[in-house]
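Take a look at the structure set out below.
Note on naming: letters A, B, ... go to the chains in the order of the sequence lines (proteins, then strands), and numbering restarts at 1 for each one. Hydrogens, waters and symmetry mates play no part in the numbers below; they use all other heavy atoms, side chains included.
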2 protein chains.
Amino acid sequence: MISDGIPGTTAPDEKAARQTSTTRQPATARRAASARDGAPRADLPAQDGAPPRGRPRSEEADRAILRAAAELLEERGLAAMSIEEVAARAGVSKATIYRRWSSKGLLALDAFVIEFRSLQPLPDTGTLRGDLLAALSAWTWAVTRTPMGRMLAGLIAEAQHDAELHMAWRDRVLEPLRTQYRVMLDRAIERGEIAAPVDKEVVLDLFFGAAQHRLLLGHLPMTGEFISEVVDVILHGITRAR
Amino acid sequence: MISDGIPGTTAPDEKAARQTSTTRQPATARRAASARDGAPRADLPAQDGAPPRGRPRSEEADRAILRAAAELLEERGLAAMSIEEVAARAGVSKATIYRRWSSKGLLALDAFVIEFRSLQPLPDTGTLRGDLLAALSAWTWAVTRTPMGRMLAGLIAEAQHDAELHMAWRDRVLEPLRTQYRVMLDRAIERGEIAAPVDKEVVLDLFFGAAQHRLLLGHLPMTGEFISEVVDVILHGITRAR
DNA sequence: TGGTATACGAAACGATCCGTAACGTATCTG
DNA sequence: CAGATACGTTACGGATCGTTTCGTATACCA
């Protein structure tokens, strides 16, 4: 069992909608049939209770694939990244990749999540302002000083037309992050810094959205001044309550 | 020049050399290179002062291509849209498309901008709150009730790794929109509704970013309540000034 | 030790799409 | 009329797709 980011949860089925060509895909149809009668192919083989029988999957290959995917995602973006290239750079065959991930998007998501999670702490500075500044600074650092910023856009775009990836993104990236931020808001309410009836979801959208907007569009730099201005406007906006 | 060469004699080794030089770069890199070294081939042929000589471009073909591109963008997204499909649906040959647009992204941008511009009015209701509500409502309507919302993500993603498209997006979509919103803020300053030292760019990022965030991630619906909450928090945040 | 099960790399497959070119036809200007 | 340009059709070589087959490698179990 590989620790964290390996495709443990996602069920590979019904990815026909993701296919690029509409009209007819005998290949996909065949694959759907084989997925129906057989075991899921792009999942971990070990179901709890039944110890794995044959040769175990190479964790070395897992790491090499994810590392290669992360590199290529940064260099070219998701759309221009080919599985063929990932395989070549990882020193692995294509089939080895397809055994683990059913789509390019899910592979990219894993490559992204592994690093991203460790870079988003839950600050507890004692004041809401301190917490927000720390959280937004950490997020900004991750997306501007590491390859992750450039991965973001491609994943978000791909998720627009890939329901499976969309759900995975929400479950493994967006909601964990929002849950962290909600805790910060709840603590501020307990401390009496802000009034309870504040709409936390809107606050999160403002907080996170402003930064993501500037990141994706790139019209202005993400400076420390920008971060503190964002926090200040939001704080003034909600400490007045309503 | 056209007639003097026997077809078979035209330097097959030159072609081979050209092919090996580009061995197997991803499509995007090849396209970028060809666009860089060559003259702009995919623009309107009529430069002012010289009336067009030959057969004019078919405006019918223009419309059909843009319409087909818009449809496919909505259905599959930019990454999964192929020029081949656009040509088939528009009843036009691939060459006809390549004569007009040098990249898939720029074609998509045109298909997007044509409709989008007409749907973003400059409201003047007399109050900043009224202006912001009207503007955000119009934007929200455009991206949720028309195909344009789903085009947005793909274009933004493609622009991350396509400098030409990135600049075009800023010049033709982002900056015109921000200029409109800045006017609304300036009028509010004149009326004394908000203090002058407010950072207008940050306000625009909050305003536009929150909505775009919720649109792209789709974690919560873009209701009228959401719109008014966003406007209220921002307004409270900046009317206190600082 | 052998049997079974699975993963592995390598190679090949039929497709689709790319971007370009050649060719003959259509429609403009002068 | 001639010249210029866009048009549609067709074809090309190459890249990548996702899958399949095959022989080999590596685990567990009896």
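- Taking B:Glu84 as the reference, nothing meets the side-chain hydrogen bond (donor to acceptor under 3.5 Å, both in side chains) condition, with sequence neighbours excluded.
- Using a 4.0 Å cut-off, no side-chain N or O of A:Ser82 falls inside it from OP1 or OP2 of D:dA15.
- A salt bridge links A:Arg76 to A:Glu85: one of the charged nitrogens lies within less than 4.0 Å of a carboxylate oxygen.
- Qualifying side-chain hydrogen bond (donor to acceptor under 3.5 Å, both in side chains) partners for B:Thr179, counting only residues two or more places apart in sequence or in other chains: none.
- In this structure, the nucleotide among D:dC17, D:dG8, C:dG9 sitting nearest to the side chain of B:Val92 is D:dG8.
- Distances were taken from every side-chain heavy atom of B:Lys94 (C-beta onward) to each of C:dC8, C:dT27, C:dG19; the shortest belongs to C:dG19.
- Proximity note for B:Tyr98 (side chain, C-beta onward) versus D:dC7, C:dG19, D:dA27: the nearest is C:dG19.
- In this structure, CZ of A:Arg57 is placed 6 Å from P of C:dC8, rounded to the nearest angstrom.
- Residues satisfying the side-chain hydrogen bond (donor to acceptor under 3.5 Å, both in side chains) test with A:Ser93, not counting sequence neighbours, are A:Thr96.
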What pairs of donor and acceptor atoms, side-chain ones from residues 142-150 of chain B against any protein atom, are under 3.5 angstrom apart with sequence neighbours left out?
from: B:Thr144; atom 1: OG1; to: B:Thr140; atom 2: O; distance (Å): 2.6
from: B:Thr146; atom 1: OG1; to: B:Ala142; atom 2: O; distance (Å): 2.3
from: B:Thr146; atom 1: OG1; to: B:Met148; atom 2: N; distance (Å): 3.2
from: B:Arg150; atom 1: NH2; to: B:Glu74; atom 2: OE2; distance (Å): 3.3

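- Distance from the side chain of B:Pro56 is smallest to C:dC28 among C:dC28, D:dG18, D:dA27.
- Atom CD1 of B:Ile83 is separated from atom C1' of C:dC17 by 10 Å (rounded to the nearest Å).
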request  = List the steps, then state whether side-chain contact (heavy atoms from CB on, under 4.5 Å) holds for A:Ile65 with A:Trp101.
outcome  = CA-CA 11 Å; A:Ile65 293 168; A:Trp101 290 276; 3.6 Å; yes
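- When rounded to the nearest whole Å, the span between CZ of A:Arg89 and P of D:dT16 equals 13 Å.
- Between the CG atom of A:Asp62 and the C1' atom of C:dC8 there is a distance of 13 Å, rounded to whole Å.
- For the pair A:Arg76 and D:dT16, the criterion of a side-chain N or O lying under 4.0 Å from OP1 or OP2 is not met.
- Of the candidates D:dT20, C:dA12, C:dC28, the closest approach to any side-chain atom of A:Ala95 belongs to D:dT20.
- Taking atom CD1 of residue B:Ile97 and atom P of nucleotide D:dA6, one finds them 16 Å apart after rounding to whole Å.
- A:Arg100 has its CZ atom 12 Å from the C1' atom of C:dT6, to the nearest Å.
- Between the C1' atom of C:dG9 and the CD1 atom of A:Ile65 lies a distance of 12 Å, rounded to the nearest Å.
- Heavy-atom distances to DNA chain D give each of A:Glu84 and B:Gly91 a nearest nucleotide, and the one nearer the 5′ end belongs to B:Gly91.
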Close N/O contacts between protein and nucleotides 22-24 of chain D (under 3.5 Å):
none

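- Put simply, CD on B:Glu60 is 18 Å from C1' on C:dC28, counting in whole angstrom units.
- In this structure, A:Thr96 reaches the sugar-phosphate backbone alone: every heavy-atom distance under 4.0 Å involves primed, P, OP1 or OP2 atoms, never a base.
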List the atom pairs, donor and acceptor, that lie under 3.5 Å between side-chain atoms in residues 201-209 of chain A and the rest of the protein, sequence neighbours left out.
from: A:Glu201; atom 1: OE1; to: A:Arg178; atom 2: NH2; distance (Å): 2.9
from: A:Glu201; atom 1: OE1; to: A:Arg182; atom 2: NH2; distance (Å): 3.4
from: A:Glu201; atom 1: OE2; to: A:Arg182; atom 2: NE; distance (Å): 2.8
from: A:Glu201; atom 1: OE2; to: A:Arg182; atom 2: NH2; distance (Å): 3.4
from: A:Asp205; atom 1: OD1; to: A:Arg178; atom 2: NH1; distance (Å): 2.9
from: A:Asp205; atom 1: OD1; to: A:Arg178; atom 2: NH2; distance (Å): 3.2
from: A:Asp205; atom 1: OD1; to: B:His219; atom 2: NE2; distance (Å): 2.8
from: A:Asp205; atom 1: OD2; to: B:Arg214; atom 2: NE; distance (Å): 2.6
from: A:Asp205; atom 1: OD2; to: B:Arg214; atom 2: NH2; distance (Å): 2.5

